[in-house]
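Shown next, in structure tokens, is the structure this report addresses.
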Number of protein chains: 2
Amino acid sequence: MKQKITIKTIAKELGVSTSTVSKALKDSHEISKETKERIQAYANHYNYKPNHLALQLRNQKTKVIGVILPKIVHHFFSTVIKGIEDGANKKGYNLMVCFSNESYKKEVENLKVLSNGSVDGIIVSVASETLKNKDFSHFSGLISEEIPLVLFDRVINDILCDKVVVDDVGAGYKATQHLLENGRKKIALITTPDHVNVGLLRRQGYEKALIESYIKADNDIIVKIDEKQSITQQIEKVFDHDIDAVFAVNEIYAAKSMRIAKKRGLKIPEDIAIIGFTDGLISEYSSPSITTIAQHGFTMGKQAVELLIERIENETEEFKPKKIVISSDLKVRESTKTL
Amino acid sequence: MKQKITIKTIAKELGVSTSTVSKALKDSHEISKETKERIQAYANHYNYKPNHLALQLRNQKTKVIGVILPKIVHHFFSTVIKGIEDGANKKGYNLMVCFSNESYKKEVENLKVLSNGSVDGIIVSVASETLKNKDFSHFSGLISEEIPLVLFDRVINDILCDKVVVDDVGAGYKATQHLLENGRKKIALITTPDHVNVGLLRRQGYEKALIESYIKADNDIIVKIDEKQSITQQIEKVFDHDIDAVFAVNEIYAAKSMRIAKKRGLKIPEDIAIIGFTDGLISEYSSPSITTIAQHGFTMGKQAVELLIERIENETEEFKPKKIVISSDLKVRESTKTL
DNA sequence: TAAAATTACGAAATCGGTTTCGTGTTAACA
DNA sequence: TGTTAACACGAAACCGATTTCGTAATTTTA
């Protein structure tokens, strides 16, 4: 990289001190009009740009926000990061992003890198491995260092920080309720292992809706997908039972369920209704299109970053963790059209 | 944020100088064993972490790479950024990401922010508005500042920098050739306006394949989608002509084409074959699944970042711009099964 | 005309590290 | 015993800015 022009260069060239240059460039009243004009003209001509690193060091703030996501090639998370960027940008912040790839180890490393002063605050959605291990010491470390932290979607209850979550119980309830209203009675649930708390919460909503309709949840038609094995095979098993609807806790499971149903000659939505989660492109463009719970990722990201910036810029305030719950909407499409 | 512990603190507490602390922490032979142990123990106990900003300022490098993408909620670009992150991580670099949202103005702003010293180099895929305007002065500015720059996918020929592109002509050729081999003769092309150069290149491949089969390209069945108007309506027009295949230059256009075909009672692939670009989830999960050209976004990202880091770390070398062309693969699925 | 106020600028500290060079003390050697 | 070398550490410069405070020169006021 070319040697950049600095205040020192300007000072030397024009025979003034660096303080004068600095002041002249910010149009200080302390400097005479002629001197200011000389300096500004020179700076302009040589395309002077103040060095951000120097400013960050001096001001003790970077105007950068760290983001750690479990993955990025994923409709929900890419939508969230869009929301984060949008909110950050409006307040003059930039984004440093890392991916944990669902790995505990990488999450810890990322957190270490980001917490060495490169960012003013951090937004995280916890890796599934971490949720499984239940080792959250890297997060408590952050808290004790008082680095502003916001968790979203996959959060840890025990960590005292701001959080933004989807109303997963309500969403599970809404989805199930929709199927029940549709006249479905044997609703299979394709969910995640219990350590992924969003799956657990969605299941609670599912069970609540069933109970209210006096239907007993049947463990035979509930499957907790182990992503290390064949997803399709695990879903297939549910189809061996008598079911008239499938509630999948994400888009992929919904799409796979649909494939299986079609293969078995089941008509959608006549023979079987399907409802998914995460309103991504698959749901929209598959045929029949899939009814989903829209998670409002953009809003989540935006709220998370606003919460974080609020925390960064008002650190004098006493600390009371906030939790924002984003309600989710049902997007009815072809896969659950009324019978 | 809590006041972090610095070298100065340690020095004062232990009654030594900052130089001694600095040396002790890097296990310098200049410092006696006992002093080193005292200092290291203290630093450890109080969880001392060197301030990255200070190091960056001193070393005149940030170990951060700036990335500007036109969008992120998009399978191809999210895959690319995954590749970039992966490559960067391996070399100890972090990522600062910005989105231009296809806007010229935002691209210029992003570039300005990143080029003030916050990053060691920049990777960009150019915004469509910029390609349309043909105003590339912000990029030539970067070049004259000698900030390492790599363009990928949507590149600008006139800018002298490293580039990573897909073999779009070859890909368009492959796709068309596949349809021709399939016995299709009336192949519609759903593409982008000409200023998006990838669209133009893919079309060249399409035309080349047609010519080799002695088929004349028919402008009536070629549509350049204007995304400001209804995409579906524009595609519909093509279906009013007699066609037996559709080659769409991206996944969305392919999925929309499939919807229209189905609505018109056409069977896929019997009555009409469909082929898309970008091997995303839609193509994989739609039914029938869609044959696509896989762009290898991960590889692109990785190559781009490797090129950039190479440039950053060997700036003494004379500058000869490199261009890496990534070949793309045809992924044959149900939508083009042989007649 | 002397005192006070204003103007225009510079010296130096600061942010948090690294690194070069110098120096006092002790040990080894002739 | 005088010289030299090794050892252990500190002072100060530096990276690129900002900002406080001091001050000489000029202008205003009494």
Side-chain angles (χ1 to χ4, degrees), chain A residues 1-40 42-43 46-64 113 115-120 145 147, chain B residues 1-40 42-43 46-64 113 115-120 145 147:
Chain A
M1 224 182 297
K2 203 158 145 186
Q3 193 46 45
K4 287 244 185 68
I5 179 172
T6 72
I7 276 207
K8 209 178 282 184
T9 328
I10 304 184
K12 196 176 292 172
E13 288 299 314
L14 299 185
V16 294
S17 76
T18 59
S19 2
T20 305
V21 176
S22 175
K23 287 170 191 162
L25 290 175
K26 15 188 56 178
D27 221 17
S28 158
H29 64 273
E30 282 187 51
I31 308 299
S32 71
K33 206 175 159 198
E34 307 90 67
T35 314
K36 275 199 278 197
E37 278 168 1
R38 258 177 72 224
I39 293 176
Q40 286 167 3
Y42 189 97
Y46 287 99
N47 191 24
Y48 166 77
K49 289 187 224 167
N51 182 314
H52 242 217
L53 293 178
L55 290 178
Q56 292 177 350
L57 180 58
R58 170 141 244 274
N59 300 330
Q60 298 287 63
K61 55 183 152 190
T62 62
K63 286 277 188 177
V64 175
V113 171
S115 66
N116 62 10
S118 335
V119 301
D120 292 344
E145 287 184 62
I147 295 175
Chain B
M1 227 182 295
K2 201 159 147 186
Q3 195 47 45
K4 288 243 185 68
I5 179 171
T6 70
I7 277 208
K8 211 177 281 184
T9 329
I10 304 183
K12 197 176 289 172
E13 287 300 315
L14 299 187
V16 293
S17 76
T18 59
S19 3
T20 305
V21 176
S22 175
K23 287 170 191 163
L25 290 175
K26 15 189 58 177
D27 221 16
S28 158
H29 65 272
E30 282 187 52
I31 309 298
S32 72
K33 207 176 160 198
E34 307 88 69
T35 313
K36 274 199 277 195
E37 278 167 2
R38 258 176 71 222
I39 293 176
Q40 284 168 3
Y42 188 96
Y46 287 99
N47 191 25
Y48 167 78
K49 290 187 225 167
N51 181 315
H52 241 217
L53 294 177
L55 292 179
Q56 292 177 350
L57 181 57
R58 173 139 243 274
N59 300 331
Q60 298 288 60
K61 56 185 150 190
T62 63
K63 285 279 189 174
V64 175
V113 171
S115 66
N116 62 12
S118 336
V119 300
D120 291 343
E145 287 184 60
I147 295 175

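In what follows, chains are A, B, ... by sequence order, proteins preceding strands, each numbered from 1.
- With sequence neighbours left out, K36(A) forms a salt bridge (charged side-chain N to carboxylate O under 4.0 Å, His left out) with D27(A).
- Within the structure, every side-chain polar atom (N or O) of Q56(A) is placed at least 4.0 Å from both OP1 and OP2 of dG16(D).
- Considering only residues two or more places apart in sequence or on other chains, D120(A) meets the side chain to side chain donor-acceptor pair (under 3.5 Å) condition with T62(A).
- Rounded to whole Å, the distance from NZ on K26(A) to P on dG16(D) is 18 Å.
- The CD1 atom of I7(A) sits 16 Å away from the C1' atom of dC14(D) (whole-angstrom rounding).
- Remark: K49(B) engages E145(A) in a salt bridge (charged side-chain N to carboxylate O under 4.0 Å, His left out) (not counting sequence neighbours).
- Residues satisfying the side chain to side chain donor-acceptor pair (under 3.5 Å) test with T35(A), not counting sequence neighbours, are S32(A).
- Side chains of V21(B) and V16(B) form a contact here, defined as non-hydrogen atoms less than 4.5 Å apart.
- Note on S22(A): a base of the nucleic acid sits closer than 4.0 angstrom, heavy atoms only.
- Using a 4.5 Å heavy-atom cutoff, the side chains of K4(A) and N51(A) are not in contact.
- Contact annotation for L55(A): backbone-only contact, meaning every heavy-atom pair under 4.0 Å involves sugar-phosphate atoms and none involves a base.
- For the helix from dT1(C)-dA30(D) to dA30(C)-dT1(D), the rotation axes defined at the first and last 5 base pairs enclose an angle of 70°, given to the nearest 10°.
- Applying the salt bridge (charged side-chain N to carboxylate O under 4.0 Å, His left out) test to K63(B) and every residue at least two apart in sequence or in another chain returns E313(B).
- Think of the region where chain A sits on DNA chain C: with heavy atoms and a 4.0 Å cut, that region ends 5' and 3' at dA8(C) to dG16(C).
- Remark: T6(B) pairs with T9(B) by the side chain to side chain donor-acceptor pair (under 3.5 Å) rule, at least two apart or across chains.
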Quiz item: When every nucleotide of nucleotides 7-13 of chain D is labelled 5' to 3' by its protein contacts under 4.0 Å (heavy atoms), B for base, S for sugar-phosphate only, - for none, what sequence of letters results?
Solution: -BBBBB-

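- For residues 11-20 of chain B, no residue pair satisfies the salt bridge (Lys or Arg N to Asp or Glu O under 4.0 Å) rule, not counting sequence neighbours.
- Applying the side chain to side chain donor-acceptor pair (under 3.5 Å) criterion to K23(B), with sequence neighbours excluded, gives E30(B).
- Here the P atom of nucleotide dA17(D) and the CG atom of L57(B) are 9 Å apart, to the nearest Å.
- Applying the ring-ring contact (aromatic ring centres under 6.0 Å, His included) criterion to Y42(A), with sequence neighbours excluded, gives Y46(A).
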